[in-house]
Amino acid sequence: INGALVRYRNKEGAWEHVLFVCTDLTLTAVQILRTYQLSVEIEEDNPQIKCSWEILEFTTTSLIYIAFHIVLTLTAYTLFVTTQALGTRH
């Protein structure tokens, strides 16, 4: 197991520690923290995307509709993430 230990001062001024762990032994501490930061952003976006695209209400059993829905959802999500990333850079 690989990890990144973060030390910070809380609101009262006392030191606190947080350990972020992963199973990829090739990642540096900075890479682990960046990956974790991405997961937080993804988790924040998931409920909003599911609600707006009504993914939770998808009930068909036809393979062609399921495949189309998956491809369309992944394409839309990729465009969403790309535009978000471009918007934060400029």
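Since we're looking at a predicted model, the values are computed, not measured. Count residues from 1 along the sequence.
The shortest heavy-atom contact between T78 and L74 is OG1-O, 2.7 Å.
Counting heavy atoms from C-beta outward, V30 and R34 have side chains that approach closer than 4.5 Å.
Heavy-atom neighbours of I1 CD1 from other residues, nucleotides or ligands within 6.0 Å: at or below the threshold of 12. The number of heavy-atom neighbours closer than 6.0 Å to CD1 of I64, taken from other residues, nucleotides and ligands shown, is 12 or below.
Hydrophobic clustering (ILVMFWY, side-chain heavy atoms < 4.5 Å, transitive): V6 and I32 are in one cluster.
Taking Q31 as the reference, L27, T28 meet the side chain to side chain contact (heavy atoms under 4.5 Å, CB included) condition, with sequence neighbours excluded.
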I'd like a table of donor-acceptor pairs (distance under 3.5 Å, sequence neighbours excluded) in which one partner is a side-chain atom from residues 11-23, with atom names and distances.
unit_1, atom_1, unit_2, atom_2, d
E16, OE1, Y8, OH, 3.3
E16, OE2, N10, ND2, 2.7

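With values rounded to the nearest 0.5 angstrom, I70 atom CD1 is found 15.0 Å from Y65 atom OH. The CG atom of N2 lies 8.0 Å from the OG1 atom of T26; values are rounded to the nearest 0.5 Å.
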